[in-house]
Participant: 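Below you'll find the structure I mean.
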Amino acid sequence: MKALFITIVLLIPHYALSAQWKEKSNTVIREQIKGSGISDKNFGIWVRKGEEVISFNGSDLFVPASLSKIPTALAFLDQFSMDKYFHTWVYKTGNISEGVLKGDLYLKGGGDPSFVNESMMMLISQLKRSDIKKIDGRIYVDESYFDQDYYSSGRQKRRVDRAYDAPVSALSFNWNSISIYVRPGKARGHKAKVYVDPPVPFVKIINKATTTSSSKTKLKVDRKLKGQSVEIIVSGEISKSKDEKAFFKSVGDAALWAGYNFKYFLNQLGVEYTGDIEKKVVPKTAEMIVEYDGWRMDRIVSAMSKFSNNFVAEMITKQLGIKNNAPGNIDDGLEKIVQFLKKKGWKDKNYEFVNPSGFTRENKMRAEDLGNLLYTSLNDFRVSPEFLSALPISGTDGTLKKRMRQVMKEKVRAKTGYLTGVVSLAGYLEPRGGGTPITFVFFYNGPYKNDWEVKALFDRILWKIYQQT
């Protein structure tokens, strides 16, 4: 009897099985939306398995939020080869005599979004091989590789001090964000302990926070710009039972932030400098003594996609915009992304793309267009390995680390998106029986009580689709 059943299944045409999958999956998607009590008109859904496509408001325009980073990532991978690196340079004027530089030092940024603590230390290690132990002149920072527009016009207009609204400069450091860590004091009523990493004098800490015996932690961290420096005010209470709480705040002047960290690390690593930091373009007569290579292209895309980093999205867009040795700018970079989308068949009337990170409500796109882009990219050997590895993995890492942690762990690789009134998710689902991944795009634009309700709905829909495979 069992053998007969297997024979009957094998005789069922492939298109019939596909049709069954489409019909069942379409039904469960609609049932899940109806059961949520959320109006179906606010959803844009597109799912493809093989040649079968499910589209629910798929041709309507939606705000994608950070799903905008998908075209940005794919255009970037299409443009830059894996052996390309972004650089940070050090130049000097004058001569070195008995370990003392009788001249000036210049730190010039080449638009590397991956220039972080480790990068700074490696750069200075290379610098020390020039036998410089003390700088008798000045240190200058040069951010002329990009234009001076720290905040693109496509972003939301209101500036905030959160890391996701960090400025973009050709000379940047640690994502242009300050890392603040708060720990409880020794006993109830004691001052909390506040740390900045790196502990540069550029950042001044005002600690008003105390330790409480309560299990609840209520901390507030504010950032104020004070001339060239930054003031961080920490207030509230941290529970004695709490190990540590981290906060991330954007800086004001990106180049000076990098410069003062350069000064700090120089002194820490044995190169003495006590002066100030100023901005100045490297003179043509200066000698380059360090050319530091940033991360590989795939790692940069992963840094953007895994944690939805707006800063990286705009940095690589300015890199896309460089032409004829002119400073990189966001508009020329956006034009490169738009050209890429047109090459992929996107029509002008069917989308708006004014910001590469999605930190705007002006970006608009259709689920079917984004879905087709994902589907065709899956079979593009030049970009698919790096693009797939850069996506967050369900229940494992990035913005999906805490989602789908049970039966769907590692079954989904997808980009998340979120703004107030916007929840989105797009990527790939591994079929239960293996084989080619299912491509999906989920948009939601509209009111909700809690954003987690929409996220949970999307996760349930994926689970239901997975069960049909």
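Keep in mind that the numbers below use all heavy atoms, side chains included, and drop hydrogens, waters and symmetry copies. Predicted, not measured: the structure shown is a model, and the values here were computed from it.
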Participant: Run the side-chain hydrogen bond (donor to acceptor under 3.5 Å, both in side chains) check on Lys415 and Ser308 step by step: do they pass?
Facilitator: CA-CA 8 Å; Lys415 182 74 196 70; Ser308 203; 2.9 Å; yes
Participant: So, do Phe443 and Arg366 sit near enough that their side-chain heavy atoms are less than 4.5 Å apart?
Facilitator: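 The answer is no; the side chains never approach within 4.5 Å.
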Participant: Do Arg155 and Phe359 meet the cation-pi criteria used here (NZ or CZ under 6.0 Å from the six-membered ring centre, within 45° of the axis)?
Facilitator: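 Output no; distance or angle outside limits.
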Participant: State whether the number of non-hydrogen atoms from other residues, nucleotides or ligands found under 6.0 Å of Asp243 atom CG is greater than 12.
Facilitator: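 Atom CG in Asp243 is not packed in, count stays at 12 or less.
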Participant: Apply side chain to side chain contact (heavy atoms under 4.5 Å, CB included) to residues Leu425 and Val441 and explain how you reach the verdict.
Facilitator: CA-CA 6 Å; Leu425 183 70; Val441 177; over 6 Å; no
Participant: State, to 0.1 Å, how close Leu67 and Leu370 come at their nearest heavy-atom pair, and which atoms those are.
Facilitator: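 Taking every non-hydrogen atom into account, CD2-CD2, 3.8 Å.
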Participant: Minimum heavy-atom separation for Gln319 and Phe80, please, with both atom names.
Facilitator: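 Distance-wise, the nearest heavy atoms are O-CZ, 4.0 Å.
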Participant: Going by heavy atoms in the side chains, are Ile178 and Val200 under 4.5 Å from each other?
Facilitator: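 Ile178 vs Val200: side chains apart.
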Participant: May I ask you to decide if Asp104's main-chain N or O and Thr93's side chain share a donor-acceptor pair within less than 3.5 Å?
Facilitator: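 A pair under 3.5 Å: yes.
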Participant: Would you say that Glu386 contacts Phe76 through its side chain, given a criterion of any heavy-atom pair below 4.5 Å between the two side chains?
Facilitator: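 The answer is no; the side chains never approach within 4.5 Å.
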Participant: How many angstroms lie between NZ in Lys411 and CD1 in Ile438, if you round to the nearest 0.5 Å?
Facilitator: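 Between atom NZ of Lys411 and atom CD1 of Ile438 there are 11.5 Å.
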Participant: Would Tyr260 and Tyr264 count as a close aromatic pair, with their ring centres under 6.0 Å?
Facilitator: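 Between Tyr264 and Tyr260, which both carry aromatic rings, the centre distance is not below 6.0 Å.
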Participant: Go through Ser214 and Thr212 one step at a time and tell me if the side-chain hydrogen bond (donor to acceptor under 3.5 Å, both in side chains) criterion holds.
Facilitator: CA-CA 5 Å; Ser214 168; Thr212 178; 4.7 Å; no
Participant: Locate the shortest heavy-atom distance separating Ser169 from Ala254; write the atom from each residue and the value.
Facilitator: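 Here Ser169 and Ala254 meet closest at CB-CB, 3.5 Å.
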Participant: Is there a donor-acceptor contact under 3.5 Å from the side chain of Thr396 to the main chain of Ser394?
Facilitator: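 Yes, Thr396 side chain to Ser394 backbone: donor-acceptor pair under 3.5 Å.
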Participant: State, with a plain yes or no, whether a side-chain heavy atom of Ile180 is found less than 4.5 Å away from one of Lys249.
Facilitator: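 They are in side-chain contact.
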Participant: More than 12 heavy atoms of other residues, nucleotides or ligands under 6.0 Å from CE of Met288: yes or no?
Facilitator: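 Yes, CE of Met288 has more than 12 neighbouring heavy atoms, counting only those of other groups under 6.0 Å.
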Participant: Enter the distance from Ile205:CD1 to Ile233:CD1 here, rounded to the nearest 0.5 Å.
Facilitator: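 These two atoms lie 9.0 Å from each other.
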Participant: Any side-chain heavy-atom pair from Val412 and Ile393 closer than 4.5 angstrom?
Facilitator: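 Heavy-atom side-chain distance check fails, nothing below 4.5 Å.
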Participant: Should the pair Glu237-Lys218 be classified as a salt bridge under the 4.0 Å nitrogen-to-oxygen rule?
Facilitator: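 No, no charged N to carboxylate O under 4.0 Å.
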Participant: Is any side-chain heavy atom of Val423 less than 4.5 Å from a side-chain heavy atom of Tyr448?
Facilitator: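 They are in side-chain contact.
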Participant: Once you measure the plane-to-plane angle for Phe202 and Trp257, does it fall in the parallel (<30°), tilted (30-60°) or perpendicular (>60°) bin?
Facilitator: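 The arrangement is tilted - the two ring planes meet at 30° to 60°.
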Participant: Please assess Ser66 against Lys69 for the test side-chain hydrogen bond (donor to acceptor under 3.5 Å, both in side chains), listing each intermediate value before the final yes or no.
Facilitator: CA-CA 6 Å; Ser66 281; Lys69 294 183 179 74; 2.9 Å; yes
Participant: Can you give me the closest heavy-atom contact between Asn176 and Ala166, atom names plus distance?
Facilitator: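 The pair with the smallest heavy-atom distance is O-CB, 3.7 Å.
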Participant: Within the side chain of Asp142, is there an N or O that forms a donor-acceptor pair under 3.5 Å with the backbone of Leu107?
Facilitator: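 Not confirmed, Asp142 side chain does not pair with Leu107 backbone.
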Participant: Hey, is Lys306 close enough to Asp397 for a salt bridge, meaning N to O under 4.0 Å?
Facilitator: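 Salt bridge between Lys306 and Asp397, a charged N being under 4.0 Å from a carboxylate O: yes.
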Participant: Mind checking whether Ile232 and Ile206 have side chains closer than 4.5 Å, heavy atoms only?
Facilitator: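 Ile232 vs Ile206: side chains apart.
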Participant: Give me the ring orientation class for Trp175 and Phe311: parallel if the planes are under 30° apart, tilted from 30 to 60°, perpendicular past 60°.
Facilitator: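 Rings of Trp175 and Phe311: perpendicular, as their planes differ by over 60°.
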Participant: Answer yes or no: is there a donor N or O on one side and an acceptor on the other, between the side chain of Thr72 and the main chain of Pro356, under 3.5 Å?
Facilitator: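 Between the backbone of Pro356 and the side chain of Thr72 there is a qualifying donor-acceptor contact (under 3.5 Å).
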Participant: Check the orientation of Tyr428 and Phe387. Use parallel for under 30°, tilted for 30 to 60°, and perpendicular for over 60°.
Facilitator: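 Correct class here is perpendicular.
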Participant: Ile96 and Ser130: which non-hydrogen atoms are nearest, and at how many Å?
Facilitator: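 Residues Ile96 and Ser130, closest heavy atoms: CD1-O, 3.3 Å.
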Participant: For residues 323-330, tabulate all N or O donor-acceptor pairs below 3.5 Å that involve a side-chain atom, not counting sequence neighbours.
Facilitator:
{"residue": "Asn329", "atom": "OD1", "partner": "Asp331", "partner atom": "N", "Å": "3.1"}
{"residue": "Asn329", "atom": "OD1", "partner": "Asp332", "partner atom": "N", "Å": "2.9"}
{"residue": "Asn329", "atom": "ND2", "partner": "Asp332", "partner atom": "OD2", "Å": "2.9"}

Participant: Look at the side chain of Ser377 and the backbone N and O of Leu374, then say whether any donor-acceptor pair between them is shorter than 3.5 Å.
Facilitator: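 A pair under 3.5 Å: no.
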Participant: Taking all heavy atoms of Lys280 and all of Tyr140, pick out the closest pair and write down the distance.
Facilitator: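 The answer is CB-CD2, 3.5 Å.
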Participant: Nearest 0.5 Å, please: how far is CG in Asp253 from CD in Glu143?
Facilitator: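 Atom-to-atom, Glu143:CD and Asp253:CG are 6.5 Å apart.
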Participant: So which of Lys343, Lys344, Lys336 actually passes salt bridge (charged side-chain N to carboxylate O under 4.0 Å, His left out) with Asp78?
Facilitator: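 Result: among Lys343, Lys344, Lys336, Lys343 is the only option passing the salt bridge (charged side-chain N to carboxylate O under 4.0 Å, His left out) with Asp78.
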Participant: Would you say Val230 and Lys204 make side-chain contact, with heavy atoms under 4.5 Å?
Facilitator: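 Of all side-chain heavy-atom pairs linking Lys204 with Val230, none is under 4.5 Å.
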Participant: When rounded to the nearest 0.5 angstrom, what distance separates CG in Leu74 from CD1 in Ile337?
Facilitator: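 Rounded to the nearest 0.5 Å, the CG-CD1 separation comes out at 10.5 Å.
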Participant: So is Lys347 actually on top of Tyr351's ring, under 6.0 Å and inside 45° of the axis?
Facilitator: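 Geometry flag: not set, cation outside 6.0 Å or 45°.
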Participant: With the threshold set at 4.0 Å, does a side-chain nitrogen-carboxylate oxygen contact exist between Asp165 and Arg159?
Facilitator: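 Looking at Arg159 together with Asp165, the answer is yes, because their closest N to O distance falls below 4.0 Å.
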Participant: How long is the gap from CE on Met120 to CG on Asn117, to the nearest 0.5 Å?
Facilitator: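 Going from CE on Met120 over to CG on Asn117, the span is 8.0 Å.
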Participant: Using 0.5 Å steps for rounding, measure from the CD atom of Glu352 to the CG atom of Asn363.
Facilitator: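 Reported value, rounded in 0.5 Å steps: 8.5 Å.
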Participant: Are Asp147 and Lys318 close enough for a salt bridge, meaning some N to O gap below 4.0 Å?
Facilitator: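 Salt bridge: yes.
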Participant: Examine distances only and state if a side-chain atom of Lys242 and a backbone atom of Val182 form a donor-acceptor pair shorter than 3.5 Å.
Facilitator: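 Pair absent, no side-chain N/O of Lys242 close to backbone of Val182.
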Participant: Show me the donor-acceptor pairs within less than 3.5 Å that the side chains of residues 131-138 make with the rest of the protein, sequence neighbours left out.
Facilitator:
{"residue": "Asp136", "atom": "OD2", "partner": "Lys102", "partner atom": "NZ", "Å": "3.3"}
{"residue": "Arg138", "atom": "NH1", "partner": "Glu278", "partner atom": "OE2", "Å": "3.4"}
{"residue": "Arg138", "atom": "NH2", "partner": "Glu278", "partner atom": "OE2", "Å": "2.5"}

Participant: On the ring face of Tyr418, is Lys455 found with NZ or CZ under 6.0 Å from the centre and within 45° of the axis?
Facilitator: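 Yes, a cation-pi geometry holds between Lys455 and Tyr418.
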Participant: Would you say Thr210's side chain and Gly189's backbone share a donor-acceptor pair under 3.5 angstrom?
Facilitator: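 Pair absent, no side-chain N/O of Thr210 close to backbone of Gly189.
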Participant: With respect to Phe458, which candidate in Trp452, Phe442, Tyr444 satisfies the ring pair (Phe, Tyr, Trp, His ring centres under 6.0 Å) definition?
Facilitator: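 For Phe458, the ring pair (Phe, Tyr, Trp, His ring centres under 6.0 Å) test succeeds with only one of Trp452, Phe442, Tyr444, which is Phe442.
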Participant: Other residues, nucleotides and ligands only: do more than 12 of their heavy atoms fall within 6.0 Å of CG on Asn95?
Facilitator: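 Incorrect, the count does not exceed 12.
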Participant: List the steps, then state whether side-chain hydrogen bond (donor to acceptor under 3.5 Å, both in side chains) holds for Ser250 with Arg223.
Facilitator: CA-CA 8 Å; Ser250 61; Arg223 182 219 66 186; 2.9 Å; yes
Participant: Which residue pairs satisfy the side-chain hydrogen bond (donor to acceptor under 3.5 Å, both in side chains) criterion with at least one member in residues 285-300, sequence neighbours excluded?
Facilitator: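 Matches after skipping sequence neighbours: His87-Asp293, Trp89-Glu291, Lys92-Glu287, Arg296-Asp298.
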Participant: Might you confirm whether atom NZ of Lys279 has over 12 heavy atoms from other residues, nucleotides or ligands at distances under 6.0 Å?
Facilitator: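 Counting other residues, nucleotides and ligands, NZ of Lys279 exceeds 12 neighbours.
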Participant: Whether the side chain of Thr211 engages the backbone of Gly185 through a donor-acceptor N/O pair (distance < 3.5 Å, no angle test) should be reported.
Facilitator: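 Yes; at least one donor-acceptor contact below 3.5 Å.
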